[in-house]
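Basis for what follows: all heavy atoms, side chains included, without hydrogens, waters or symmetry-related copies. In what follows, every chain begins at residue 1, and chains take the letters A, B, ... in the order their sequences are listed.
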Amino acid sequence: MVGVDGIFDSFARESIFKNKSVLQANYNPEIITHREKQIDTIASILAPCLRMEKVSNLFVYGKTGTGKTLSVQYIKEKLLERAKAQNVNLTIEYINCKLKKIADTEYRILAELIRKLGGTIPDTGLPTEVVYNRFIELLESKKQMFILVLDEIDQAIKKISSDFLYNLTRLNSELSQTQISLIGISNDLTFLDNIDPRVRSGLSEEEVVFAPYNAPQLQDILKERVKIAFRTDVVKDGVLEKCAALAAREHGDARRALDLLRIAGELAERESKKEITLEYIDKANEKIERDKILDVVETEPKQFQLTLLAIMNLLESNNHPKIFTGDIYNTYQELCKKTSTEILTQRRVGDIIAEFDMLGLINALVISKGRYGRTREVKLAIPPALVGKVKKILLDSLAL
DNA sequence: AGGTATTCACATGAAACTATTCTCTGAGTTAGG
DNA sequence: TAACTCAGAGAATAGTTTCATGTGAATACCTGT
């Protein structure tokens, strides 16, 4: 252990970082490498707004970390600059629909918009229709072009019905002063397939796809940032390439590549090293995985923790590596009695198991055992090195 | 042996319910003129 | 009479229950050889 003074000392020394924020997620670079084509396309689609002409609704697809949000934000800034210079009354609002408690329902998205436009609206208690009316009122208060960017729109539509989008596209007919256009950003490429065709045609008049970066492209991106982020000679040979390769494996996620580099840097610095070597990338990779898992396990509500513990206990006692929903439910019930928690229905526990699958803590595969029914076959996806720690967290937090 | 028909043990979906938190409204109350 | 208080009605939301329907393939059950 270094001790508190030691920690402060190592921070007082010269950092290997020159400007760490460059590697953080919210950083907006001057130039967006390898996205020129998409940016041009989007720009040409949106350009008519500078002449106060209605802009086509636009849909942007691409996996996480492919630069969708970054590109759209970039164009937004440029457009606003230009609009100001040309005296065009243009408003562009960006809303991330995934943010819990802020914009993940119809009501909240509208409320957030109203706030951004300078209105006030309570968090709850009002009929949604009232919120609509206030929104329209605000829009109509002056003549303007309004572009609404809805990021991670697929997340929101899973919860809200697609009527919401329909209403938005239809809003123009109720507006006399304002022209409103939508830009939807989605991680899910199949998203548009499962929504109402009426909505689809209105919504996605134009589409732009962001393909995943490949490893060389990721390297280029990293190179750009490394120049600004680190002091010279901090990043050893092969480090960039490795970051890029690891991230390319994760569907070309640039964010992941940058995270790897940043955390590797932090780890190296913590050990008061002057350079980042390959081993730190491996450590960073592990740390990212570990933190993600531990964070999920810790913050999950009680019933989820009980379910997870049931799964882990079963896998431990049972030599077969295969366990099924029914077994889990039985063990879960026992655990509930032991902790005097109320027992949820099997229906619900089934959903909880499905959610763990989504989170990547387990692998659950729906199989048919023929005469013996249909069920999920569950395997733990937590790395063995972490199992002990996860279990301890569960036992602690459940006071067992 | 080969072909159907059953059947299990859940999965998956939709709707309804519950508890909580919050707004708005209007009746009743209060205090000052 | 104007301002204030406060209870009740109505909303949104998250988490759940209830009810209903779906489903893939191992078996049971035929059927004719």
Side-chain angles (χ1 to χ4, degrees), chain A residues 95-115 119-138 152-165 167-168 188 190-191 193-196 296-297 299-308 310-311 314-315 318 320 322-337 339-359 361-379 397-398:
Chain A
I95 289 201
N96 188 332
C97 306
K98 206 172 77 178
L99 296 178
K100 287 246 155 114
K101 305 279 175 188
I102 296 182
D104 59 347
T105 69
E106 186 174 13
Y107 184 101
R108 295 215 262 246
I109 289 173
L110 287 169
E112 184 63 19
L113 271 172
I114 290 173
R115 285 192 199 105
T120 50
I121 197 91
D123 292 335
T124 169
L126 260 51
T128 310
E129 209 186 312
V130 174
V131 188
Y132 261 107
N133 292 336
R134 280 207 205 168
F135 177 55
I136 291 172
E137 229 170 80
L138 264 173
E152 318 244 11
I153 196 171
D154 45 334
Q155 298 290 325
I157 298 307
K158 253 189 274 174
K159 298 183 65 177
I160 324 164
S161 80
S162 55
D163 294 353
F164 171 56
L165 292 179
N167 288 340
L168 281 180
D188 181 3
T190 63
F191 166 63
D193 296 342
N194 352 319
I195 64 175
D196 194 325
V296 169
V297 172
T299 53
E300 219 66 352
K302 197 172 182 185
Q303 296 288 4
F304 283 63
Q305 293 185 333
L306 280 166
T307 312
L308 186 59
I311 294 172
L314 258 179
L315 281 167
N318 203 342
H320 316 258
K322 293 180 181 178
I323 57 172
F324 306 107
T325 307
D327 308 332
I328 296 172
Y329 188 63
N330 290 337
T331 319
Y332 158 82
Q333 279 178 305
E334 284 167 30
L335 280 172
C336 280
K337 278 179 206 148
T339 54
S340 50
T341 315
E342 55 179 328
I343 301 171
L344 299 184
T345 42
Q346 179 155 342
R347 179 72 186 79
R348 178 65 185 138
V349 174
D351 279 349
I352 292 177
I353 293 174
E355 283 186 49
F356 277 135
D357 187 34
M358 293 277 292
L359 288 169
L361 292 185
I362 62 175
N363 287 319
L365 194 64
V366 180
I367 56 159
S368 172
K369 292 191 290 171
R371 193 72 221 273
Y372 304 106
R374 231 164 103 81
T375 183
R376 281 198 178 88
E377 185 184 303
V378 174
K379 279 184 287 187
S397 110
L398 295 166

- Item | Of A/R347 and A/G326, the one whose closest DNA chain B nucleotide lies more 5' | A/G326

- Message: What is the separation between atom NZ on A/K158 and atom P on C/dT13, rounded to the nearest whole Å?
- Response: 18 Å

- Message: Measure CD/A/Q346 against P/C/dT16 and give the value in whole Å, please.
- Response: 15 Å

- Output yes when at least one side-chain N/O atom of A/T345 is less than 4.0 Å from OP1 or OP2 of C/dT18, else no. no

- Query: Does a side-chain N or O from A/S368 land closer than 4.0 Å to OP1 or OP2 of B/dC10, or not?
  - Reply: no

- A/I343 near the nucleic acid: base, sugar-phosphate alone, or nothing, with a heavy-atom cut-off under 4.0 Å? sugar-phosphate

- Note on the structure: Quick note, A/T124 side chain, CB onward, closest among B/dC10, C/dA28, C/dA11 is C/dA11

- Note on the structure: Between CD of A/E377 and P of B/dC10 the distance, given in whole Å, is 13 Å

- May I ask you to evaluate whether A/T105 reaches the phosphate of C/dT13, defined as a side-chain N or O under 4.0 Å from OP1 or OP2? yes

- Query: Given A/Y332 and A/L314, is the side-chain contact (heavy atoms from CB on, under 4.5 Å) satisfied, shown in steps?
  - Reply: CA-CA 10 Å; A/Y332 158 82; A/L314 258 179; over 6 Å; no

- Would you mind reading off the distance between A/L365 atom CG and B/dA11 atom C1', rounded to a whole angstrom? 13 Å

- Item | Interatomic distance, A/F324 CZ vs C/dA26 P [rounded to whole Å] | 13 Å

- Report which part of the nucleic acid A/L344 touches: base, sugar-phosphate, or nothing (heavy-atom distance under 4.0 Å, all strands). sugar-phosphate

- Going through the distances and angles, do A/F324 and A/E377 end up as a side-chain contact (heavy atoms from CB on, under 4.5 Å)? CA-CA 5 Å; A/F324 306 107; A/E377 185 184 303; 4.1 Å; yes

- Task: Check the distance between B/dC22's P and A/D123's CG and give it to me in whole angstrom.
- Result: 8 Å

- Here the distance between atom P of C/dT13 and atom CZ of A/F164, to the nearest Å, is 11 Å

- Item | Side chain A/T331, main chain A/A310, donor-acceptor under 3.5 Å | no

- Task: Would you indicate which nucleotide in B/dT23, C/dT23, B/dA11 comes nearest to any side-chain atom of A/R374?
- Result: C/dT23

- OP1 or OP2 of C/dT16 sitting under 4.0 Å from any side-chain N/O of A/R348? yes

- Hey, mind stepping through A/N167 and A/E106 against side-chain contact (heavy atoms from CB on, under 4.5 Å) and telling me if it holds? CA-CA 11 Å; A/N167 288 340; A/E106 186 174 13; 4.0 Å; yes

- Looking only at heavy atoms, the pair that brings A/Y329 and A/L344 closest together is OH-O, 2.6 Å

- Looking only at side-chain atoms of A/D104, point me to the closest of C/dA12, C/dA14, B/dA11. C/dA14

- Item | Note, A/E334 side chain near A/K337 side chain (heavy atom, < 4.5 Å) | no

- Give a yes/no on whether any side-chain N or O of A/K369 is located under 4.0 angstrom from OP1 or OP2 of C/dT27. no

- Task: Examine C/dA12: is either OP1 or OP2 under 4.0 Å from a nitrogen or oxygen in the side chain of A/R108? Give yes or no.
- Result: no

- Taking atom P of C/dT16 as reference, at what distance in whole Å does atom CD of A/Q303 sit? 6 Å

- For the side chain of A/Y107, counting heavy atoms from C-beta on, which of B/dC10, B/dC8, C/dA12 is nearest? C/dA12

- Item | Closest to the A/R134 side chain, choosing from B/dA11, B/dC8, B/dC24 | B/dC24

